[in-house]
Amino acid sequence: MQTGMIGLEKIFSKSSFTREDIVYLLGLQGTEKTQLFAESARIKEKHVGNKVYFRGLIEFSNVCLKNCLYCGIRLDNKDVHRYNLTDGEILDAARFAADNKYGSLVLQSGEIQHLNFTDRMEKLLTAIHQATGGKLRITLSCGEQSQDTYKRWHNSGAHRYLLRIESSNPELYKKLHPNDENHSFQRRLDSLYGLQKTGYQVGTGVMIGLPFQTLDDLAGDLLFMQQFNIDMVGMGPYLEHEETPLYEFRDKLLPREERFQLTLKMIAVLRILMKDINIAATTALQAIDKLGREKAIKIGANVIMPNITPGKYRDDYLLYQDKPCTDENPDDCKTCLEARIALADNVIAYGEWGDSKYYSERIKKS
Ligand code: SAM
Ligand code: SF4
């Protein structure tokens, strides 16, 4: 392969990237990295413009029956104070989102596969739409569920679903999860297919800078997203948590700043590969760099998820240490974000749903 600026131009002019091309792009440094970011910013501007869509994030429960080896709220972490917002608290947060013209809401929780949970979510979805006059698009992020559950929630007004593949390499996936039926790579894949079949706008993502992860794995992740026709992506740096089994491998990690830069490169390459999908600037970016999300917006992301969970619960949804904004309330978060997005030369698309353009095209074709 030809390297240097000429090599870069050559890659950018291709209609599709090979795995080798992507590995090369993810390894760029210095002026070549700047050129990659300029190209992804150009493509973003051309295909999705400079609007940033808000999704008000409600982390409504940290109760989880799974034991992912990286996650601070895993079942076996007994130091976590478990909480579950009341329906009233969730409805208040939804009204806050609608009143402040956030076009969408994300309801996120630990994973519970139980009929009571399915029923509760079904009723809540209907109640949220009623309370907000149908103003909001609702995204769910509640893990792997049965096909029937996905259908019931979709019929009750959930339009989008986020389920990260975490890693598209089954061998790496195994190293990040307990080796049992409850944490199977195949089941995760089947769940993603199930969501797509049900008609959701499907979002996925990965953590970046995990122990044992290579640039080749990350290139495979981007190709997976493309081959799967994913509509939305949220990916962020992996951040360690002392009370998790993966913490044992912390000496294998890249320095945090390098994980941050690698995440920006992943976002940039993804924007070039999938020009009109929605890409989120995730909170984990902000944990490393105070202006992390805005930097991601500048080079390719177009979605931000301001946290609107009532402040008193924030400290208990600690997936990783140093999570930002845990001591702020929803109003504080909104004000600080407005100023920062303006700094990134983007505008907030208040009151717009901001559906994935890629999804609209995909549905027209099918
Ligand atoms: N329980 C649902 C699930 O797993 O899909 C949704 C909530 S889960 C906390 C959301 C995401 O948090 C996961 O998909 C994972 O990628 C991310 N996450 C968990 N632990 C993390 C860590 N230590 N560093 C960065 N991201 C993490
Ligand atoms: Fe539970 Fe999701 Fe954390 Fe896994 S990543 S332990 S499913 S909350």
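When a ligand or atom number is given, it counts from 1 through the structure's own listing order. Only heavy atoms go into these numbers, but all of them, side chains included; no hydrogens, no water, no symmetry mates. Quick note: residue numbers are just sequence positions, from 1.
Here the closest heavy-atom approach between residue F12 and residue I272 is recorded as CE2-CD1, 4.0 Å. The shortest non-hydrogen separation linking S141 to Q108 is OG-NE2, 3.2 Å. The shortest heavy-atom contact between C71 and T244 is O-CG2, 3.3 Å.
For R187 and E144, the salt-bridge test passes: some basic side-chain N is under 4.0 Å from an acidic carboxylate O.
For N62, the side-chain contact (heavy atoms from CB on, under 4.5 Å) partners are I73, V80, R82, Y83, D316, Y317, not counting sequence neighbours.
Within 4.0 Å of ligand 1, the residues that place a heavy atom are Y70, C71, Q108, S109, G110, E111, S141, G143, L163, R164, E166, M207, P237, Y238, L239, Y317, L319, Y320, listed by chain and number.
For the residue pair N307 and T309, a side-chain donor N or O sits within less than 3.5 Å of a side-chain acceptor on the partner. Side chains of S104 and R137: no donor on one and acceptor on the other come within 3.5 Å.
Judged by the 6.0 Å distance and 45° axis criteria, R362 is not positioned over the aromatic ring of Y359.
For the side chain to side chain contact (heavy atoms under 4.5 Å, CB included) criterion with L140, the lone passing option out of R160, H159, Q145, M121 is M121.
For atom 1 (Fe) of ligand 2, the nearest protein heavy atom lies closer than 4.0 Å.
Listing protein N, O or S atoms at distances below 2.8 Å from atom 1 (Fe) of ligand 2, with waters left out, gives C64 SG.
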Only distances under 3.5 Å count here; give the side-chain donor-acceptor pairs of residues 194-202 to other protein atoms, sequence neighbours excluded, each with its distance to 0.1 Å.
residue, atom, partner, partner atom, Å
Q196, NE2, F228, O, 2.9
T198, OG1, Q147, NE2, 3.0
T198, OG1, G194, O, 2.6
Y200, OH, Y150, O, 2.7
Y200, OH, H154, N, 3.2
Q201, OE1, S356, N, 3.2
Q201, NE2, D355, OD1, 2.8

